[in-house]
Amino acid sequence: MKKYLLIALLLIPSITGATVINEQSIDTERSENTEPSSNDMSYWLGGIVTATTTIHEIKIKVRINSSTTTISSIQNSRLEVTLNCTISATTTSGSSGVGDPNRCTTGQGYPADNSSNDFYPSGNSTGSTVFTNDEDKYVTLALDTSLTGGVNGLTLVPGVYYWLEPDWNLPASVTYEMYFYGSEIQSATQCLAESDQNPCQADTTNNSNDEDNIYRLYYQLIQNPLLISTNSRIVDFTPKNNDIVNPSIHEEDPSYVDWELEYFFNSADYGTVDKVRISWYNLERQITYIPDFDVINLSGTKVVTGSKLLDPGVTTAVISFIDSETGILYGDTVAYDFVVGWSDLYLGAGQGTTTLSNHPILNALQNGSSTVPGLTEIFASTTASSSIDCKIYEWWSSPFQRLGCSLSETILGGIKDIFIPTDQDWTSMQQQLKSGIAYRFPLGYVTRTVDIMDTEATSSLPVLSITLKDEGPLGGGDYGFDLNGIFTQANTYIRDDFTTGNGLVETEDATTNIWDIFMTLFNYLVYISLFLIIVGDIMGISFTPSMGEGPKTRIYGIRDDGEISYESPAFSRYKNK
Amino acid sequence: MILTFILSSLIAFIISLFGIFPNVETLPFGMDEFLQSAVANFKYYFEIFPPFETIFTAFGIYVSFKLLVLSMKFFLGGRTPVSY
């Protein structure tokens with residue numbers, strides 16, 4: 001029986017339609033800031049804005065070059081950042097010249113009056129940051145507040161050039177690098193103009209001989225280069241926008257967040273891009289990204305899954321196709337904002353609850369120590385009716401609970417926890433049971449088999465090739481048989497969309513390919529045939545053509561073949577029926 | 001917490017019973033590598049030529065049906081409600 005079971009498990013494949021690539025091995029350790037070195041400029045030069053998008057903040061990183069700057073000379077110095085003129089927009093046509101600072105005075109929707117258009121770094125009321133060592137400094141320019149006209153964030157439109165003009169007051173003789181980030185986007189900078197005040201290189205020396213120590217740096221937020229096929233795109237991602245996922249035990253604890261990415265890739269884009277990248281931005285706008293995973297040189301929908309250890313708080317996942325050699329992002333960059341919650345946080349909970357008004361994230365928002373894109377929107381519609389669950393066993397240790405719950409509320413909320421296991425408890429017990437039993441002999445053999453069957457790794461068969469002897473007219477010839485190549489080519493035809501001209505059939509629906517058209521019919525034919533065969537086996541009826549030999553039942557067939565003697569006991573059983 | 005404690009204790013007891021058995025990390029007799037290789041090849045063909053997946057699935061269902069019939073014949077003998 002074990003043999004049969006093993007064979008059955010071997011022969012029952014997954015029926016899912018989409019290809020699934022399991023990336024669970026990715027990033028199973030606690031995430032660390034995996035920023036590349038400063039030499040890896042390509043990483044920072046990824047473009048943005050292929051679709052209308054809104055950014056809520058601009059992050060500026062300043063890295064003091066300790067090899068050319070005496071750190072002690074800048075210790076306790078202030079870096080004051082003001083975004084005068086800030087951002088203006090103009091189209092490329094009719095411009096008065098690339099890098100012309102005058103264009104900064106004609107902003108769209110923003111007044112030219114600098115005095116009313118200043119933005120200060122969030123989290124610091126003085127709008128400055130203090131250098132105490134040579135570490136990187138991040139200065140955030142919030143666009144959600146203080147914007148004249150009440151604009152919530154800055155809407156970037158494709159095809160429009162945007163200019164940033166920060167004024168820096170730096171101490172003398174400082175060599176520094178600056179990088180700009182948009183909030184939902186990875187980076188956004190490409191220096192356009194050069195002038196004596198505006199060295200375009202990342203390394204910029206403040207010689208303190210310019211007026212007011214003010215430097216103007218002009219950056220263009222550029223579009224991602226387009227992909228060849230408009231059909232290559234990020235289709236879907238989980239967690240969704242505004243999801244609250246995977247609560248951890250305490251607000252300090254990171255927790256694993258299962259993610260699933262679905263994207264459509266057209267093989268015409270293979271070579272332009274070779275990988276897909278997911279970049280993660282956490283509450284402090286630190287960036288981590290999982291190792292890029294390869295796109296497969298096959299057209300079709302792919303689903304990639306994995307698990308990422310994230311700190312609690314608002315997280316943004318930015319997904320894009322990338323050329324791994326140049327680091328340039330291609331096509332639309334898609335961003336998802338979600339909250340990595342913790343067990344204390346329940347939206348819409350009932351008894352024994354209190355409002356979220358004292359939630360530390362909200363506090364951080366309100367006092368300006370954190371500006372997180374999307375967070376305000378997430379809580380804006382839910383705060384009034386939302387609540388947290390007050391747990392008695394965490395009340396004592398959790399400053400969050402002390403802020404949010406009274407003791408009576410905590411007791412009421414904790415009563416149900418005394419008797420009813422939480423979802424986390426159920427999950428934990430299930431995992432314990434699985435790890436303790438499922439992999440033990442003898443059940444472990446079945447589990448291991450199922451695990452192997454469940455893996456989505458693929459490998460191609462080797463190419464068969466022969467070399468003939470040096471005799472005869474074909475002597476010395478090399479002959480190969482590459483089944484992989486044959487089917488890959490066939491797959492290209494049946495799965496390519498028709499916008500690229502590679503398809504065999506032109507249709508008005510660009511997203512339809514041959515496989516989409518015939519899949520339903522093909523599946524129907526296969527499964528109806530299977531049904532008839534099984535019914536035939538049960539009923540003893542053969543559906544194969546009889547070729548005029550009379551009724552082709554199993555019994556007649558056996559009689560005709562002479563396998564059953566008319567005097568045999570077997571015939572005696574049938575002859576009276 | 002109370003129910004969690006009871007259930008966790010029960011699970012711990014069950015796990016302790018199975019603790020005498022070794023962990024199975026790989027299948028014996030080289031089957032692990034063979035099965036991994038076979039599955040990887042099959043899934044590759046599913047990927048490059050989707051009709052394979054449908055055909056193979058149908059074949060798997062039919063073999064499962066045959067195994068079911070064999071099992072019934074083993075246990076029920078001549079009382080198996082099929083024609084053969």
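Proteins come first, then strands; the chains are lettered A, B, ... in the order of their sequence lines, and each starts at number 1.
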Quick one: closest heavy-atom pair of [X] and [Y], and the distance?
X	Y	result
Ala58(B)	Val526(A)	CB-CG1, 3.5 Å
Met453(A)	Lys43(B)	O-NZ, 2.7 Å
Tyr445(A)	Pro28(B)	CE2-CD, 3.5 Å

Going by heavy atoms in the side chains, are [X] and [Y] under 4.5 Å from each other?
X	Y	answer
Phe65(B)	Ile533(A)	no
Lys66(B)	Asp537(A)	yes
Leu27(B)	Ile452(A)	yes
Leu35(B)	Thr449(A)	yes

> What distance do Leu7(B) atom CG and Trp426(A) atom CH2 have between them, rounded to the nearest 0.5 Å?
Replying inline: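 Rounded to the nearest 0.5 Å, the CG-CH2 separation comes to 5.0 Å.
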> When rounded to the nearest 0.5 angstrom, what is the spacing between CE in Met31(B) and CZ in Arg448(A)?
Replying inline: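 The distance works out to 11.5 Å.
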>> At a 4.5 Å cut-off on heavy atoms, which part of Leu530(A) comes close to chain B: side chain, backbone, both, or neither?
In response: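 Contact with chain B involves the side chain of Leu530(A) alone.
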>> Let's test your reading of the structure: which of Thr26(B), Ile55(B), Ile14(B), Asp32(B) forms the most heavy-atom pairs below 4.5 Å with chain A?
In response: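 When all of Thr26(B), Ile55(B), Ile14(B), Asp32(B) are compared, Asp32(B) has the most.
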> Backbone N or O of Phe21(B) within a donor-acceptor pair of the Arg440(A) side chain at under 3.5 Å?
Replying inline: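 At least one qualifying donor-acceptor pair exists.
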> Do you know which of Val24(B), Ile20(B), Asn23(B) makes side chain to side chain contact (heavy atoms under 4.5 Å, CB included) with Phe441(A)?
Replying inline: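 That would be Val24(B).
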